[in-house]
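Here the structure comes first, spelled out in structure tokens, and everything after it is commentary.
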Amino acid sequence: MKPWGAIPAPQFNLRLTLESGQVFHWVPEGDGYCGLIGERPVRVEQVGQELRVTPGTEEAVARYFALDHDLEAICASFPADPTMAQAAAFCSGLRLIRQPLWECVATFLTSSMKQVAHIRQMSHALRQRFGRSIPGWGVAVYPEPERLARATEAELRGCGLGYRAKHLLGTARSIAEGAVDLEALRALDDAEALAELCRLPGVGPKIANCALLFGYERLRAFPIDVWIERVLRRSYFARKRKVTAGQLREFAANAFGPYGGYAQQYLFHHARSQPRAGGGVKTSATRRAP
DNA sequence: ACCCAGGGGCAAG
DNA sequence: CTTGCCCATGGG
């Protein structure tokens, strides 16, 4: 009997998906990754068009990595332009992960102004310090809002959060005391859910859209950060001088269709993987030219 | 609408 | 080793 469960995974690229800035707690191990899906420890490795996973986690893994998303239909819905085509080709097999809500909101809250390496460090520090640890497993469960609500700002700063400590504490308390109910937001439309998320301290339009996209599976959500802003200005507003944030938002909402979030993720990851584009090199996959 | 604090890893000097 | 870059949110 095989020591793993097998899942067919056509049109899927595990490495690309896990290293595209969606989640920050998976640890490379051998030719695969160890991590958690919610509270469940999982090891996953891709061999060709098959995933080999911890036995019993097949269903959770398939759902987490959204293997049911129809990538062909999604890519076919994108606007037909060279920028989009290049990004889609570069990101072939990249899927949007279905993340647990609280973990998603909290992690993206801490991501503001931070590079991937540091977001990863903060995530692991918070997990180790406040989360339930699993014997024999290198990654601990992300701490519940109730647990973080009992922490002090100084303790959170001790996890490397800096000024984000205050925001995470405030947000954890809002949720722990029921001022905002993340589960209940599932019933709202995109705009209403966005507004509710923005009530949380440290959560603005960018992070709220990340939560909509990665947590609530609102595949139209289009988070705009400076990387995406550069792509949009360069590729879609090349002739215009003054383009306001509002114009960019409006354009993004209309031009990329029902799967705009996928388009955004592909444009984002492609842009960040270009060597020295815009000065900062951020992803672990990028390397400087010799 | 504009301006700037804030924080620490990391690349560059 | 030291300097400067990164770049979301909130508050003035």
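Numbers restart at 1 for each chain; the letters A, B, ... are given by sequence-line order, proteins then strands.
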task: With a 3.5 angstrom cut-off on both distances, give the Watson-Crick or G-U wobble partner of C/dC7, or none if there isn't one.
output: none
task: Just call it for A/Leu200: base, sugar-phosphate, or nothing, with non-hydrogen atoms closer than 4.0 Å on any strand.
output: sugar-phosphate
field: Whole-Å distance separating the CD atom of A/Gln115 from the C1' atom of B/dA12
entry: 13 Å
message: Could you tell me how far apart A/Leu161 (CG) and B/dG8 (C1') are, to the nearest whole angstrom?
response: 12 Å
field: Among C/dT9, C/dC7, C/dC6, the nucleotide that comes nearest once only the side chain of A/Lys206 is considered
entry: C/dT9
message: Rounded to whole Å, how long is the line connecting atom NE2 of A/His167 with atom P of B/dA5?
response: 16 Å
message: Output the rounded distance in Å from CG (A/Leu168) to P (C/dG10).
response: 13 Å
message: Applying the Watson-Crick and G-U wobble criteria at under 3.5 Å, what pairs with C/dG12? Answer none if nothing qualifies.
response: B/dC2
field: Donor-acceptor contact below 3.5 Å, side chain A/His167 vs main chain A/Leu109
entry: no
- request: Could you check A/Leu169, A/Thr171, A/Leu156 and say which one makes a side-chain contact (heavy atoms from CB on, under 4.5 Å) with A/Leu148?
  value: A/Leu156
message: Can you identify which nucleotide, out of C/dC7, B/dG7, C/dC6, has its nearest atom closest to the A/Lys114 side chain?
response: B/dG7
statement: In whole angstroms, the gap separating P of B/dG7 from CE of A/Met113 amounts to 11 Å
- prompt: Roughly how far apart, to the nearest Å, are C/dC7 and B/dA12 at atom P?
  reply: 15 Å
query: Any chance the rings of A/Tyr259 and A/His69 have centres within less than 6.0 Å?
result: no
SB check A/Arg233 A/Glu229 (cutoff 4.0 Å): yes
A/Tyr163 OH - C/dG11 P separation (whole Å): 13 Å
Backbone of A/Arg63 reached by a side-chain donor or acceptor of A/Arg98 within 3.5 Å: yes
- prompt: Rounded to whole angstrom units, what separation is found between the CZ atom of A/Arg272 and the P atom of B/dC10?
  reply: 14 Å
- request: Counting heavy atoms from C-beta on, name the nucleotide in B/dG7, C/dC7, B/dG8 closest to the side chain of A/Arg164.
  value: B/dG7
message: For A/Val23, is there any backbone N or O sitting under 3.5 Å from a side-chain donor or acceptor partner on A/Glu103?
response: no
field: Protein-nucleotide distance (A/His124, atom NE2; B/dG8, atom P), rounded to Å
entry: 19 Å
query: Can you tell me if the side-chain N/O atoms of A/Arg120 get under 4.0 Å from OP1 or OP2 in B/dG9?
result: no
statement: Which of C/dC7, C/dT9, B/dC10 is nearest the side chain of A/Pro205? It is C/dT9
- prompt: Which nucleotide, B/dG9, B/dG7, C/dT9, lies nearest any side-chain atom of A/His118?
  reply: B/dG9
- request: Would you tell me if any nitrogen or oxygen in the side chain of A/Trp227 comes within less than 4.0 Å of OP1 or OP2 on C/dC7?
  value: yes
message: Could you tell me how far B/dG7 sits from C/dG11 if I compare only their P atoms? Round to whole Å.
response: 15 Å
- request: Among the candidates C/dC7, B/dG9, B/dG7, find the nucleotide nearest to the side-chain atoms of A/Ala117.
  value: B/dG9
